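Computed from a predicted structure; not experimentally measured.
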Amino acid sequence: MDMVFGSYPSWSLLIVRVVLGIIFFAHGAQKVFGWFGGPGLRGTIGYFKQSLGIPAGATVLAAFTECFGGLAVLVGLLARPAALGLIAIMLVAVATVHWKNGFFLNWSNTPGKGHGFEFNLALIGMALAVMVGGAGRFSVDRLINPW
């Protein structure tokens with residue numbers, strides 16, 4: 001009966017934290033290092049400035065927050081502040097890019113129509129779970145402060 005009605009917050013937090021961390025680290029590494037086919041920091045700065053009007057300093061902060069905030073969430077080191085940073089990044093992305101496209105992703109890749117904010121909302125929800133629950137038992141935070 002424990003398998004049906006039991007609650008294992010550390011396992012669920014681990015799953016949410018690892019998936020959220022991988023997603024943000026991968027996207028951040030594209031922006032910062034040019035890994036996984038990304039543009040690297042110079043390309044990201046150029047794109048954000050030209051297409052979105054975002055200054056270089058804010059772009060660097062966002063790219064580093066995604067990359068290293070994602071890594072921090074992944075390993076559970078300062079997971080709550082890292083999750084807060086990731087939420088801020090997603091709120092800015094929704095406000096500056098995705099809100100005008102509505103809720104849904106552009107699954108059909110209709111030219112001239114961007115993606116809505118549903119994916120951003122899912123990531124915000126995951127990051128909020130980490131903020132509320134902390135990094136969980138299987139984390140560096142738990143090793144530093146076991147209580």
Side-chain angles (χ1 to χ4, degrees), residues 1-45 47-48 51-52 54-109 113-147:
M1 288 309 253
D2 234 13
M3 199 61 141
V4 175
F5 297 107
S7 179
Y8 306 100
S10 287
W11 287 110
S12 57
L13 280 171
L14 176 66
I15 293 165
V16 169
R17 209 183 74 229
V18 166
V19 172
L20 183 68
I22 288 170
I23 291 168
F24 272 104
F25 175 73
H27 282 274
Q30 287 182 310
K31 291 175 178 81
V32 173
F33 303 117
W35 295 356
F36 313 115
L41 198 53
R42 187 176 307 261
T44 301
I45 291 169
Y47 174 78
F48 275 43
S51 297
L52 305 171
I54 297 175
T59 300
V60 170
L61 180 62
F64 275 68
T65 300
E66 280 190 27
C67 185
F68 299 110
L71 190 59
V73 166
L74 178 64
V75 300
L77 176 63
L78 299 172
R80 283 185 165 123
L84 179 61
L86 299 178
I87 290 168
I89 296 298
M90 285 298 95
L91 289 173
V92 170
V94 168
T96 60
V97 177
H98 300 287
W99 185 263
K100 67 180 178 239
N101 299 315
F103 180 75
F104 295 103
L105 295 174
N106 181 8
W107 286 105
S108 62
N109 288 321
K113 180 176 176 5
H115 292 295
F117 60 89
E118 73 174 301
F119 184 61
N120 306 88
L121 184 61
L123 295 173
I124 289 168
M126 293 170 72
L128 278 171
V130 173
M131 278 190 57
V132 170
R137 179 182 305 158
F138 307 105
S139 67
V140 175
D141 284 352
R142 181 69 181 233
L143 295 173
I144 294 169
N145 185 6
W147 299 103

- Message: For the CG atom of Leu61 and the CD atom of Glu66, what is their distance to the nearest 0.5 Å?
- Response: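 Going from the CG atom of Leu61 to the CD atom of Glu66 covers 10.5 Å.
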- What's the spacing between Leu20 CG and Leu128 CG if we round to 0.5 Å?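 Between atom CG of Leu20 and atom CG of Leu128 there are 10.0 Å.
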- Message: Quick one, Phe64 and Leu41 - any side-chain contact, counting heavy atoms below 4.5 Å?
- Response: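 Side chain of Phe64 against side chain of Leu41, heavy atoms only: contact under 4.5 Å found.
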- Query: Can you check whether Leu14 reaches Trp11 side chain to side chain, under 4.5 Å on heavy atoms?
  - Reply: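 Of all side-chain heavy-atom pairs linking Trp11 with Leu14, at least one is under 4.5 Å.
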- Item | Heavy-atom donor-acceptor pair, Thr59 side chain to Ile45 backbone, under 3.5 Å |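 Looks like no, no N/O pair under 3.5 Å.
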Closest approach of [X] to [Y] (non-hydrogen atoms, all atoms of both residues):
X      : Y      : answer
Cys67  : Phe25  : O-CD1, 3.3 Å
Phe36  : Ala29  : CE1-CB, 3.9 Å
Trp35  : Gln30  : O-CG, 3.2 Å
Leu13  : Gly133 : CD1-O, 3.4 Å
Gly136 : Ser139 : O-OG, 2.8 Å

- Task: Please indicate whether Phe33 has more than 12 foreign heavy atoms, meaning atoms of other residues, nucleotides or ligands, lying under 6.0 Å from its CZ.
- Result: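 More than 12 heavy atoms, drawn from other residues, nucleotides or ligands, come within 6.0 Å of this atom.
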Acceptor/donor pairs from residues 113-121 side chains to any protein atom, 3.5 angstrom cut, sequence neighbours excluded:
| from | atom 1 | to | atom 2 | distance (Å) |
| --- | --- | --- | --- | --- |
| Lys113 | NZ | Asn101 | O | 3.2 |
| His115 | ND1 | Asn106 | N | 2.8 |
| Glu118 | OE2 | Leu105 | N | 2.8 |

Compile the donor-acceptor pairs under 3.5 Å between side chains in residues 68-95 and protein atoms, sequence neighbours left out, one pair per line.
| from | atom 1 | to | atom 2 | distance (Å) |
| --- | --- | --- | --- | --- |
| Arg80 | NE | Met131 | O | 2.6 |
| Arg80 | NH2 | Val132 | O | 3.0 |

